[in-house]
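This structure is a prediction, so every number in the text was calculated from the model and none was measured. Lettering follows sequence order; numbering is per chain, from 1. Heavy atoms only: backbone and side chains are in, while hydrogens, waters and symmetry mates are out.
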Amino acid sequence: MEYNFRDIEKKWHDYWVANKIYKVEKNEKPKFYVLDMFPYPSGAGLHVGHPLGYIASDIYSRYKRLQGYNVLHPMGYDAYGLPAEQYAIQTGQHPEITTKNNIARYREQLDKIGFCYDWDREIRTCDPAYYKWTQWAFIRMFNSYYCNDKNQARPIKELADRFSVSGSEGLNVACSEELHFTAEEWNAMSGKKKQEVLMNYRIAYLGDTMVNWCPKLGTVLANDEVSEGLSIRGGYPVEQKMMRQWCLRVSAYAQRLLEGLDTIDWTDSLKETQRNWIGRSEGTEVQFKVKDSDMSFTIFTTRADTMFGVTFMVLAPESELVPLLVTAEQKKAVDEYLDRTKKRTERERISDRQVTGVFSGSYAINPFTGDSVPIWISDYVLAGYGTGAIMAVPAHDSRDYAFAKHFNLPIIPLIEGCDVSEESFDAKEGIVCNSPKTGVTPYCDLVLNGLTVKEAIAATKKYVESHGLGRVKVNYRLRDAIFSRQRYWGEPFPVYYDADNMPQMLPEETLPLLLPEVNKFLPTETGEPPLGHALKWAWDVEENRVVETDKVDYKTVFPLELCTMPGFAGSSAYYLRYMDPKNDKALVDEDIDKYWRNVDLYIGGTEHATGHLIYSRFWNKFLYDLGIVCEPEPFKKLINQGMIQGRSNFVYRIKDTNTFVSYNLKNQYEVTPIHVDVNIVSNDILDIEAFKAWRPEYHTAEFVLEDGKYVCGWAVEKMSKSMFNVVNPDVIVEKYGADTLRLYEMFLGPLEQSKPWDTNGIDGVHRFLKRMWGLFYGNGDTLLVTDQEPTADEQKSIHKLIKKVTYDIEHFSYNTSISAFMICVNELGGLKCNKRDVLEKLVVTIAPFAPFIAEELWHQLGHDSTVCDAQWPKYDDKYLAENTANYAISFNGKVRFNLELPVDMSKEEVEKVALSHENSAKWLEGKTIRKVIVVPKKIVNIVLG
RNA sequence: GCUCGAAUGGUGGAAUCGGUAGACACGAAGGACUUAAAAUCCUUUGGCUAUUGCAGCUGUGCGGGUUCAAGUCCCGCUUCGAGUACCA
């Protein structure tokens, strides 16, 4: 009987579906939660890169199940997103329809690969039953503030109660800006004013922020959706714009997000990326008075030790201080400058880093020296970081240095022996000099001379705090997440606006607020988001339902929010929903959450390091504060699978002809390389007939062959349609079967490494499966299996395999376990092993990797239950124990010969045998022995004089 | 610029605690079976020198170091990849 993968895979897939083999429920077994990053169902379908991580997690899930765990391994779709909407704008096709079609296609492809997902738990972020809980979480965030003392989110009502008793006195909470008011002032505020004040503290809040506005996409983007001034999706220019947007106060959680990294098992590089993104920076805030005025402003610096080197100050152009500090005679110049910077896009700012700036006309007084220093305005200072104002120390900051040189401002070096004639000395090291000696200035008795930079920073911090000049401050680079998108295809906000134009949350029991129908997916003529097209998009507070917009009267009917939520809204808590996907009373039932707790193993790409993986951790910590979930971190262990790149093939056309020359002959001609569809190339050999049929212009193509073949060139590029290098998993499954695809994807190399897709080795893996099949059937049609006792060699082979594979799976080293399978099958083949005991163990061990063939063989061996209900075999060291050990005998580190010696031989005896062996004589001749090192069971190194 | 990671045959990659580098696979070469092809099986395969001497030398990006012993540890570079960037 031949290995007929097509029949086998069809048969067992149908069986698994019909019998719900992979259905999982809470039970008394220990749990294990394995999660894949769910895909965005794009129109192109899955390519071979997508399943890489899914196969890896599937292997682990099946392995854990065989080890007796109750494994939760779900799959779903991140169904909201821009491409479906862009497609809708172009074609008028409703995103819901395209999304549904794409999901169906994805599902069909996923089904072929033999994953053990419990599809009863499938979720889609665009499903109202799902996004109900996204909206619900948003309402909870709106109704919470972050208390820095308790270090958790608390109900906003607590804060309002506090204000009515003690105002803002002694407040230590996360906020957009620091407000000061008394209880009397609070109590005297209007309802609207109170709402505005509370907005300053809510975790989900409406804020006027500088946003990344992408005119081409017509929407605001989060920081992680922008790179180098271009949108990640589409690559359109992004500009800075002040807009009123929904934001999430992620920054309140910065410290916890940072500390939490120490408690989870992620790769160092990913943790490092998150640390950089959070960007904790310890520094000092110092107040500077403005000369001839009672104004003062605060700057942030990490180099407090350089106070004596300040020669000017710089404000960000957007700083609210600018209009206050500009003098009459400088007003024109400043206005011109502000105008100019406003017009420059982020992209231009990055690409040409010219030094620009303008003098404000005002001076600040250095509190340490009493010196007056000019206040400048320049766009190299960012409004959004620190206080939007800096003290410039050109000697020790390269940006300040460039500015000082350009505008001819003084430079005062403060480190002994540093040379600042050509460039600044930025390193935080060296011995401080040039601070005045005590008594020289009446302003300051701080002497830093002779201290190291580190000591000087500490001393200055202490001085600043004790003299009331400022305070020690920790800044984070992590910003609040902008949560509004001016798009259609996303979760609607459960928000309406009252007569004061203040946002009000819908009652939780009315959720979900369904996404309305619109006839156009573009912004409205008045520039409103697409939801402005909806006929029914107002809220009746008496009837608690959506009604037509023309009924808005601001008495009982109010307009609903027109923006929708961003992509990360739906993906931030999806792992929780899988635990209890059908629950309509809670996001997740408390007991069920306590059972599944959090994700034990999460597999996905690094591209989510600063997006999804930050938001998810934030979202989870918020729910943790509310007592909804029981674990402070959502993903215990995280593995980043590498990207599968495309491997493009080229043909070489001789210039101005329709003749193509084979790769190794191309240098003899003048040729143009042309991408050729990799699906008509096999092992870099072109299928000439298929090529001729590929495009009309190639019908008459002629070829210069080598050895009768046309050899194509190749290059590693991104897998994309335009490079004709997209390989679809279905094609591989059709040709070789899913088991081969699974094994081959794992065999390609280490899971975490990026690698090009290259089918050149796939035959080897397929041959291996055929050979394994051959152990059961040989060349005939009858099962060869017998119940005889396995021999010692057979035992050794299989136990060696079990040991290796167990170790490898635990370490995600799947490529080496597949090598181990190949070795074992070759050994058993050589031994003509047909012992049930051994073959059963082999089948169970390979089941996680190649589930279809394992299931078939398992049943062939006479089992009724499926192979997933088998037990992972334990290896027994007694079969692996050796009587003799192979010693490598080396002289001065160079191995000369080998010796088989009993394992239990003492070191002294081994040494004696090695030295007295006849082969040793040649190397020992005329030399003195200085030292002999014996490593048990491994090596004897004889060091000669 | 900063941070992190990597570099091993013709190719993808092994080498788990510092202990015989190149497992396993692909490709290539030769052979068996076959009328032939496919499939399958066997042999060789880092380089150099020998192969009518069974062996010798060399070898993990480069230069040093530690060690009886270094792909592995330390110092200094080079190249490539990833992330991030006027963050004060």
Side-chain angles (χ1 to χ4, degrees), chain A residues 2 227-228 267-277 279-281 283-284 299-303 306 314 316 349-350 353 355 378-382 384-393 396-400 402-403 426 475-479 606-607 609-610 640 642-643 647 683-684 714 743-744 747-750 752-756 758-765 767-768 770-771 774 779 804 807-808 810-811 813 815-823 826 829 886-898 930-944:
Chain A
E2 268 196 17
S227 177
E228 294 186 359
T267 60
D268 289 339
S269 72
L270 188 62
K271 286 187 189 180
E272 198 57 33
T273 305
Q274 288 214 341
R275 284 195 195 101
N276 288 341
W277 190 257
R280 183 190 155 99
S281 131
T284 318
I299 58 93
F300 175 78
T301 179
T302 53
R303 290 296 300 272
T306 59
V314 188
R349 267 191 174 192
I350 289 163
R353 281 198 190 179
V355 179
S378 173
D379 66 0
Y380 83 89
V381 173
L382 304 177
Y385 185 76
T387 60
I390 63 153
M391 62 180 214
V393 185
H396 301 293
D397 183 286
S398 48
R399 296 153 299 174
D400 297 345
F403 196 84
D426 289 16
N475 260 334
Y476 297 91
R477 207 179 71 100
L478 183 72
R479 306 296 163 75
T606 19
E607 66 272 21
T610 54
N640 289 120
M643 283 239 273
R647 188 178 183 280
N683 291 353
D684 290 335
W714 60 275
L743 286 176
Y744 187 60
F747 189 61
L748 217 46
E752 307 200 51
Q753 195 174 297
S754 282
K755 54 229 158 196
D758 176 358
T759 44
N760 284 348
I762 198 164
D763 291 311
V765 174
R767 271 199 282 270
F768 153 72
K770 283 198 213 164
R771 271 202 293 274
N779 295 323
K804 171 82 177 146
Y807 180 91
D808 281 350
E810 297 285 2
H811 293 82
S813 179
N815 53 334
T816 53
S817 28
I818 292 163
S819 297
F821 281 114
M822 290 177 175
I823 295 168
N826 279 344
N886 187 18
Y887 280 86
I889 313 299
S890 69
F891 294 85
N892 283 344
K894 195 153 278 193
V895 175
R896 296 304 175 178
F897 62 96
N898 285 7
R930 269 227 308 252
K931 202 179 192 181
V932 180
I933 293 102
V934 178
V935 182
K937 293 194 245 178
K938 283 197 171 141
I939 203 158
V940 181
N941 192 15
I942 298 150
V943 188
L944 301 171

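Close to B:C87, at under 4.0 Å from its OP1 or OP2, lies no side-chain N or O of A:Y476. For B:U84, neither phosphate oxygen OP1 nor OP2 lies less than 4.0 angstrom from any side-chain nitrogen or oxygen of A:R275. Taking side-chain N and O atoms only, A:K931 has a distance below 4.0 Å to OP1 or OP2 of B:C68. Between A:N826 and the phosphate of B:A25, there is a side-chain N or O to OP1/OP2 separation shorter than 4.0 Å. A close approach under 4.0 Å does not occur between any side-chain nitrogen or oxygen of A:Q753 and OP1 or OP2 of B:A6. Within the 4.0 Å cut-off from OP1 or OP2 of B:A69, not a single side-chain nitrogen or oxygen of A:N892 is found.
With B:U40, B:C4, B:C87 as the choices, the nucleotide that has an atom nearest any side-chain atom of A:E272 turns out to be B:C4. Picking from B:C86, B:C41, B:U20 the nucleotide with the shortest atom distance to the side chain of A:R771 gives B:C41. In this structure, the nucleotide among B:A14, B:A88, B:A25 sitting nearest to the side chain of A:M822 is B:A25. Side-chain atoms of A:K894 lie closest to B:U58 of the nucleotides B:U58, B:C26, B:U84. Listed nucleotides B:G19, B:U84, B:A14 differ in distance to A:P750; the shortest reach to its side chain belongs to B:A14. In this structure, the nucleotide among B:A88, B:U20, B:C26 sitting nearest to the side chain of A:I390 is B:A88.
Taking atom OH on A:Y807 and atom C1' on B:A14, their separation rounds to 13 Å, with Å as the unit. In this entry the distance linking CE of A:M643 with P of B:A82 reads 8 Å, nearest Å. For the pair A:E752 CD and B:A6 P, the computed distance is 11 Å after rounding to whole Å. Atom NE2 of A:H396 and atom P of B:C86 are 24 Å apart (whole Å). As rounded to whole Å, 12 Å separates atom C1' of B:U11 from atom CG of A:L748. Counting to the nearest Å, the C1' atom of B:A6 and the CG atom of A:D268 are 15 Å from each other. Rounded to an integer number of Å, the gap from A:I933 CD1 to B:A69 P is 8 Å. Computed from coordinates, the A:Y887 OH to B:A69 C1' distance equals 16 Å when rounded to whole Å.
Interface remark: the A:R399 side chain does not form any donor-acceptor pair with the B:C87 base, using a distance-only criterion of under 3.5 Å. The base of B:U20 lies close enough to the side chain of A:N886 for a donor and an acceptor atom to sit less than 3.5 Å apart.
Applying the Watson-Crick and G-U wobble criteria (two distances, each under 3.5 Å), B:U84 pairs with B:G1. Under the Watson-Crick or G-U wobble criterion, with both distances below 3.5 Å, B:A28 is paired with B:U44. Across all strands shown, B:G22 forms no Watson-Crick or G-U wobble pair with both distances under 3.5 Å. Base-pair partner of B:G71: not found among the strands shown (Watson-Crick or G-U wobble, both distances under 3.5 Å). The partner of B:U60 is absent, by the rule that a Watson-Crick or G-U pair needs both atom distances under 3.5 Å. Remark: B:A36 base-pairs with no nucleotide in the shown strands. Criterion, Watson-Crick or G-U wobble with two distances under 3.5 Å. With a 3.5 Å ceiling on both atom-pair distances, the Watson-Crick or G-U wobble partner of B:A6 is B:U79. Across all strands shown, the partner of B:A55 is B:U49, judged by Watson-Crick or G-U wobble contacts whose two distances both fall under 3.5 Å.
Take the nearest nucleotide of RNA chain B for A:R896 and for A:V935: the residue whose nucleotide is more 5' is A:V935. Closest-nucleotide positions on RNA chain B for A:H811 and A:P756 were compared, and the one nearer the 5' end corresponds to A:P756.
In this structure, B:C17 shows a glycosidic angle within 90 degrees of zero, which is the syn conformation. An anti orientation is assigned to B:G61, its glycosidic angle lying beyond 90° of 0.
Taking atom P on both B:A7 and B:G61, the two are 8 Å apart, rounded to the nearest angstrom. If you take atom P in B:A21 and the same atom in B:C57, they sit 13 Å apart, rounded to whole Å. Straight-line distance between the C1' atoms of B:G12 and B:G22: roughly 13 Å, to the nearest whole Å. Annotation: B:G83 and B:G9 have their C1' atoms spaced 32 Å apart (nearest Å). Rounded to whole Å, the separation between the C1' atoms of B:U20 and B:A70 comes to 14 Å. Across B:U72 and B:U60, the matching C1' atoms stand 10 Å from one another, rounded to whole Å. Comparing B:C68 with B:C77, their C1' atoms are spaced 29 Å from each other, to the whole Å. Nucleotides B:G56 and B:A29 are separated by 31 Å at their P atoms, to the nearest Å.
Using a 4.5 Å heavy-atom threshold, the side chains of A:V940 and A:I933 count as separate. Residues A:N276 and A:Q274 form no side-chain contact, since every pair of their non-hydrogen atoms from C-beta on lies 4.5 Å or further apart. The side-chain heavy atoms of A:I942 and A:S890, taken from C-beta on, include no pair separated by under 4.5 Å. Residues A:N898 and A:I889 fail the side-chain proximity criterion, which asks for heavy atoms closer than 4.5 Å. In this structure, the side chains of A:Y385 and A:S281 come closer than 4.5 Å at one or more pairs of heavy atoms. Side-chain contact check for A:L748 versus A:N815: every heavy-atom pair is 4.5 Å or farther apart. Within the 4.5 Å cutoff, the side chain of A:R477 has heavy atoms near those of the A:W277 side chain.
Residue A:N941 is classed as a base contact, given a heavy-atom separation below 4.0 Å to a base. Within 4.0 Å (heavy atoms only), A:F821 reaches no atom of the nucleic acid at all. Within the nucleic acid shown, A:K804 comes within 4.0 Å of at least one base atom, counting heavy atoms only. Across all strands, A:I823 comes closer than 4.0 Å only to sugar-phosphate atoms, never to a base (heavy-atom distances). The residue A:D808 sits apart from the nucleic acid: no heavy atom pair falls under 4.0 Å. When heavy atoms are screened at a 4.0 angstrom cut-off, A:S819 is found touching base atoms of the nucleic acid.
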Derivation of the salt bridge (Lys or Arg N to Asp or Glu O under 4.0 Å) call for A:R767 and A:D763:
CA-CA 6 Å; A:R767 271 199 282 270; A:D763 291 311; 5.6 Å; no
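At a cut-off of 3.5 Å, with distance as the only test, no side-chain donor of A:R399 or A:Y380 sits close to an acceptor on the other residue.
In this structure, A:K937 contributes its side chain and A:V935 its backbone to no donor-acceptor pair below 3.5 Å.
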